[in-house]
Amino acid sequence: MTSRMKPAIDIIDQRVRHAMRQVTGIEDCSAIVTPATNAKFGDYQANGAMALAKKMKTNPRKLAEQVIEKLDVSDVCQPPEIAGPGFINLRLKPEFVIESLRQMHSDPARLSIPPAEKPRKTVVDYSSPNIAKQMHVGHLRSTILGDAICRMLEFMNHKVIRQNHIGDWGTQFGKVILALWHVCMAIDVHKKSYFKNDFERLQSNKDNKNELYKICMQIRDRHDKDYINDQLEEFGDAKKYFGRFLEKLDDIIDEIWPDILLAYRFVNLLDDILPGMGLRIITREKKDNEWKPVERPYEHLTRKITVMLQQGGEENCQEEDAWHSVKKATMEHCDYIYQLLNVTLEHPRDSRGESFYKDMLAGVVEDLQKQGLAVDSDGAVCVFPEGFKNKEGDPLPFIIKKSDGAYLYATTDLAALRYRVDELKARRIIYVTDSRQKLHFDMLFAVARKAGWARDDVELSHVTFGSVLGEDGTPLKTRSGENIKLRELLDEAIGRARSVVEQKNPDLSEDQKQQIAKAVGIGAVKYADYSNNRTSDYIFSFDKMLAMDGNTAPYMQYAYARIKSIQRKAEKSGVDVEAELKDLTGIEFTQPDEIALAKYLIRYGEAVEMALADYRPNFLTNYLYELTQKFSGFYTNCPVIKAPPDSRRQRLLLCELTAGVIKHCLRELLGIEVVEQM
RNA sequence: GCGCCCGUAGCUCAGUUGGAUAGAGCAACGGAUUUCUAAUCCGUGGGUCGGGGGUUCGAAUCCCUCCGGGCGUGCCA
């Protein structure tokens with residue numbers, strides 16, 4: 001039976017608080033226990049007496065003296081000391097440190113970290129790629145940050161429900177369908193990929209308005225002709241070619257996938273350019289049960305398709321299959337990236353895209369109207385939550401239905417939130433998106449609270465993060481201004497790691513080299529992200545993240561590999577490491593490097609706690625970095641294999657636990673692989 | 001205009017409800033290798049914590065103000 005103890009800092013905090021309560025009679029005293037700022041003050045310090053003395057207007061030093069009289073920490077620390085204006089300094093007892101190490105050793109799965117006392121069912125909403133787009137750097141942070149949060153929560157025994165809120169509904173829905181139609185026309189009618197040519201022409205003329213107008217007019221003319229050509233009167237919209245094309249789509253989609261991606265970008269680009277040009281396009285609308293050709297502004301086309309689809313109905317049902325095909329192909333790509341990144345997100349298990357909520361959207365709007373929270377405003381349906389103002393100082397709207405009848409992400413997010421609370425029984429919902437969406441989530445939460453869809457027993461939090469920047473300090477893009485594909489970025493990381501392995505350790509087998517390159521390359525990208533404070537932007541640099549010095553994945557992996565090497569060598573020289581660590585009595589650390597490492601090892605639980613409290617993995621990486629630095633000092637000054645048996649045994653223990661912590665933190669909590677040699 | 005975030009060493013960044021002398025890495029300079037992986041370690045220099053004011057035993061941290069930057073701000077997500 002293994003016993004698990006709270007981190008020392010929590011034990012001390014509790015005891016000091018108790019003592020403060022006894023002295024002052026005040027219930028909620030705050031002990032403010034932190035790691036000592038300087039080793040000469042001990043291991044921990046309690047600053048709470050000073051803060052409390054201020055509140056009570058008494059002498060802080062005297063209060064501190066009264067507190068330590070009542071303070072019983074004799075099982076954990078040496079007698080406390082008071083310093084300066086009223087710091088209470090605490091030094092861990094060697095026996096406590098050694099006992100803690102023993103417990104960690106006897107509990108390799110948890111390293112003696114107790115699970116949460118009150119597990120909470122938690123929904124984590126993260127990654128959220130878009131349909132018909134390849135994942136790019138913009139998805140990196142949400143995906144891996146969300147993954148680390150899920151891993152940490154699960155480690156602490158919370159029930160986690162991952163929700164990949166895929167962007168598969170809304171405006172881009174119409175764009176995808178239009179893009180598919182272009183691909184169909186290109187293949188079946190024109191027998192050539194005209195949109196590729198058009199796309200390039202539009203791009204290369206982006207500063208020449210006259211030329212753009214001419215190109216758009218040509219595109220419009222072809223579109224009109226194709227559109228009329230694609231009609232079958234008795235069936236309605238786009239049936240002659242497009243209908244047949246959709247029937248075979250599933251079989252050919254892999255082959256034409258690059259075309260679909262390009263056509264999608266073509267439609268997007270066109271949508272950016274068209275407004276203000278006044279070009280009109282032929283389409284049809286059903287009036288009195290009869291289809292009538294009508295002219296509409298070209299730029300309204302994708303929106304029109306979107307609305308048709310959101311309205312559903314028999315006439316609009318042909319796209320359903322197309323939709324599934326595109327989604328399937330997109331998610332296969334995403335799954336590949338997830339596997340490469342080693343994140344615990346799987347399609348379809350964790351997917352619940354925007355489209356999942358489509359039938360709940362009307363109900364969301366209705367219910368808010370019934371409650372009197374949603375009102376008409378300029379033709380749109382809006383909620384005006386308290387405390388939000390626009391530039392004129394007027395109430396800021398949370399728009400849940402557009403004037404053209406379409407729903408927005410506000411509506412979808414409300415429906416999703418309601419579903420998560422009512423159906424998934426979430427008691428905490430964590431949204432991992434970039435900080436630019438802060439206002440949206442603040443308003444979302446305000447509306448959900450006001451509507452009674454999230455009560456006080458449900459915690460809502462928006463975990464924000466900054467942008468990934470290029471070396472020039474602007475958002476990371478290719479030279480031509482496009483988002484960098486995640487796939488390409490990761491491949492390059494692996495390639496760079498590979499060449500380092502090749503250089504440093506050419507004798508390894510092909511398999512080993514590739515395995516190390518992958519672990520190091522992917523690990524480097526993820527670790528670099530984790531080690532930055534999530535709220536700030538950071539500059540992406542392969543050279544820095546793959547450096548062997550400093551707070552990088554390779555440095556941690558190297559430390560781990562060195563320990564493994566020691567253990568292998570020890571075995572080779574006839575030491576049975578496991579047997580040696582069976583009996584852990586009579587240990588006594590004498591070397592400063594041993595003591596520093598031992599004391600730092602037992603603080604792993606503290607680091608996990610801090611990282612989870614604020615969803616900041618950089619606390620974990622900071623801890624790992626300090627741990628490995630302390631290990632390096634130990635490694636340099638304390639030989640293991642050549643040490644006398646008693647000394648060797650306790651040094652092997654430190655090695656074993658250091659490796660255990662590195663591996664657990666990297667692999668279990670951050671999803672970064674370790675390697676036995678590198 | 002208003003709101004949110006940010007400004008820490010030449011560069012990239014940490015800094016745990018306000019705590020003792022503000023820390024790393026890179027770059028620069030100087031050392032260490034017959035030694036368990038030198039993909040390493042040790043040392044040196046480098047700071048008006050954007051400026052100013054305030055709160056107090058004590059401020060990079062909290063408040064005010066100014067300067068500089070990023071993002072957001074009614075029908076994208």
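Computed from a predicted structure; not experimentally measured. To find a chain, count down the sequence lines: A is the first, B the second, and so on, and within it residues start at 1.
- Remark: A:N130 engages A:Q172 in a side chain to side chain donor-acceptor pair (under 3.5 Å) (not counting sequence neighbours).
- In this structure, the nucleotide among B:G74, B:U21, B:A14 sitting nearest to the side chain of A:K40 is B:U21.
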Let me have the donor-acceptor pairs involving side chains of residues 464-475 of chain A, under 3.5 Å, with sequence neighbours excluded, atom names and distances please.
| residue | atom | partner | partner atom | Å |
| --- | --- | --- | --- | --- |
| A:D472 | OD1 | A:T474 | N | 3.1 |
| A:D472 | OD1 | A:T474 | OG1 | 3.0 |
| A:D472 | OD2 | A:T474 | OG1 | 3.1 |

**Report entry** From CA spacing to verdict: side-chain hydrogen bond (donor to acceptor under 3.5 Å, both in side chains), A:E673, A:Q557
**Finding:** CA-CA 8 Å; A:E673 286 303 322; A:Q557 289 164 323; over 6 Å; no
Expected rows: protein N/O vs nucleotides 1-3 of chain B N/O, under 3.5 Å:
| residue | atom | partner | partner atom | Å |
| --- | --- | --- | --- | --- |
| B:G1 | N2 | A:K391 | N | 3.4 |

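- Screening residues 34-43 of chain A for side chain to side chain donor-acceptor pair (under 3.5 Å) gives A:D43-A:K599 as the qualifying pairs, with residues at least two apart or on separate chains.
- Qualifying salt bridge (charged side-chain N to carboxylate O under 4.0 Å, His left out) partners for A:D413, counting only residues two or more places apart in sequence or in other chains: none.
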Report summary line: Contact string for nucleotides 22-38 of chain B, one letter per nucleotide 5' to 3', B = base within protein heavy-atom range under 4.0 Å, S = sugar-phosphate only, - = neither, reads --SSS---------BBS
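- Taking A:R534 as the reference, nothing meets the salt bridge (charged side-chain N to carboxylate O under 4.0 Å, His left out) condition, with sequence neighbours excluded.
- For A:R21, there are no salt bridge (charged side-chain N to carboxylate O under 4.0 Å, His left out) partners, not counting sequence neighbours.
- Between A:H165 and A:Y357, the two ring planes are tilted [angle within 30° to 60°].
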Pairs: protein N or O with nucleotides 55-64 of chain B N or O, under 3.5 Å:
| residue | atom | partner | partner atom | Å |
| --- | --- | --- | --- | --- |
| B:G58 | O6 | A:K54 | NZ | 2.9 |

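- Residues forming a salt bridge (charged side-chain N to carboxylate O under 4.0 Å, His left out) with A:K513 (at least two apart in sequence, or on another chain): A:E502.
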Listing, residues 543-553 of chain A side-chain donor-acceptor contacts under 3.5 Å, not counting sequence neighbours, or none:
| residue | atom | partner | partner atom | Å |
| --- | --- | --- | --- | --- |
| A:D543 | OD1 | A:R496 | NH1 | 3.4 |
| A:N551 | OD1 | A:Y527 | OH | 2.6 |
| A:T552 | OG1 | A:A547 | O | 2.7 |
| A:T552 | OG1 | A:Y555 | N | 3.3 |

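- Using a 4.0 Å heavy-atom distance criterion, A:S377 is classed as a base contact.
- Whole-Å rounding puts the A:E354 CD to B:C76 C1' distance at 11 Å.
- Remark: RNA chain B forms stems of 3 or more consecutive Watson-Crick or G-U wobble pairs, all pair distances under 3.5 Å, at B:1-7 with B:67-73, B:10-13 with B:23-26, B:28-32 with B:40-44, B:50-54 with B:62-66.
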